[in-house]
Amino acid sequence: MLLKGYDLGPLVPGESLLVHPGFWSNYLLAMCSDGGRAERPAPEWFGEDGADVDALSEVLFDPELWPVFRVPAEDGPGAVVIHRNLDGDYGTDYLLTHPGRSYAEQIASWDGDFSGTGLTWPELIRIADNPSLAAEGVQDTTTRLLLLLPLLTDQDVPEAASARLTAALTAVGAPLNTASIAAEHLLAHLAKRSRHDPTWASPLSGS
């Protein structure tokens, strides 16, 4: 699989890092900062501590090695998440793969804020819940959901979304009492983005 625009980047498979303490705080904690509640976000919300976060951040943001997380899907588009560790231009890029294409194409990025084309909740769930068992990458649907979550640009998520997100966070090690708080903050942050206009062409269409 060619990653369009990343031919010179030192990409390495990152899936083994997903089970390391500190990963989810590095990946999601910044998105909990404006959830509209008084609690200050902390790594403990994810069952982690500051030392874990600092230690893993050195790996995740190493300019010499850019971790890549592959989210292949069965019978439809999949996704690729890349830590873009350019000196002075750190960020996370989100790419989609499409059946019949030999390359993945970037649709969004996170550089302290989100830019690009996101997904509705049904689109996000469609990818998360349909892993391609024949392809290399993340197969666990819970982990896939959390990796794709930053792409959510849908204010009209169903009521069940909070419960599902809480369950996902608990499954990766967050205590139940703080997983619900983290889920609430994350959804509140994502809901503040521009409304997903239903007239826009979906990035899943391949157009």
Under the salt bridge (charged side-chain N to carboxylate O under 4.0 Å, His left out) rule, what pairs show up with a residue in [range], not counting sequence neighbours?
range            : result
residues 162-182 : Asp129-Arg164
residues 47-70   : Glu15-Arg70, Arg70-Glu136
residues 74-90   : Arg84-Asp89, Arg84-Asp93, Arg84-Asp111

State the [atom1]-[atom2] distance between [X] and [Y], to the nearest 0.5 angstrom.
X      : Y      : atom1 : atom2 : answer
Leu18  : Leu147 : CG    : CG    : 5.5 Å
Leu119 : Thr153 : CG    : OG1   : 6.5 Å
Leu96  : Leu151 : CG    : CG    : 7.0 Å
His185 : Leu29  : NE2   : CG    : 10.5 Å
Trp24  : Thr143 : CH2   : OG1   : 5.5 Å
Ile107 : Tyr94  : CD1   : OH    : 10.0 Å

Pairwise side-chain contact, [X] with [Y], heavy-atom cut-off 4.5 Å (strictly under):
X      : Y      : answer
Leu148 : Phe69  : no
Asn26  : Pro43  : no
Leu190 : Leu149 : yes
Thr141 : Pro131 : yes
Ser25  : Leu56  : no

Where do [X] and [Y] come nearest, in terms of heavy atoms and distance?
X      : Y      : answer
Pro63  : Pro10  : O-CG, 3.7 Å
Asn130 : Arg126 : ND2-O, 2.6 Å
Gly78  : Ile127 : CA-CG2, 4.3 Å
Ala135 : Pro72  : CB-CB, 3.6 Å
Pro77  : Pro99  : N-CD, 4.0 Å
Gln139 : Arg144 : O-CD, 3.6 Å

Checklist line | The single option from Leu17, Val81, Leu146, Leu60 passing side chain to side chain contact (heavy atoms under 4.5 Å, CB included) against Tyr27 | finding: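 It is Val81, the one option of Leu17, Val81, Leu146, Leu60 that forms the side chain to side chain contact (heavy atoms under 4.5 Å, CB included) with Tyr27.
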Note to self: Run Gln106 and Leu95 through side chain to side chain contact (heavy atoms under 4.5 Å, CB included) and show every step you take.
What the structure shows: CA-CA 4 Å; Gln106 182 180 341; Leu95 297 80; 4.1 Å; yes
Identify all side-chain donor-acceptor contacts of residues 170-178 below 3.5 Å with residues at least two apart in sequence or on another chain.
from: Thr170; atom 1: OG1; to: Thr166; atom 2: O; distance (Å): 2.9
from: Thr178; atom 1: OG1; to: Trp45; atom 2: O; distance (Å): 3.1
from: Thr178; atom 1: OG1; to: Pro175; atom 2: O; distance (Å): 3.2

Next item on the list: Identify, with sequence neighbours excluded, every residue that meets ring-ring contact (aromatic ring centres under 6.0 Å, His included) alongside Phe46.
Entry: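 Phe46 satisfies ring-ring contact (aromatic ring centres under 6.0 Å, His included) with no residue once adjacent residues are dropped.
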Check: With clusters built from Ile, Leu, Val, Met, Phe, Trp and Tyr whose side-chain heavy atoms come within less than 4.5 Å, directly or transitively, what are the remaining members of the cluster of Val12, listed by chain and number?
Finding: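 ILVMFWY cluster around Val12 also holds Leu65.
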Note to self: Quick one, Asp156 with Trp121, criterion side chain to side chain contact (heavy atoms under 4.5 Å, CB included). Give me CA distance, side-chain angles, the key distance, then yes/no.
What the structure shows: CA-CA 8 Å; Asp156 299 318; Trp121 179 258; over 6 Å; no
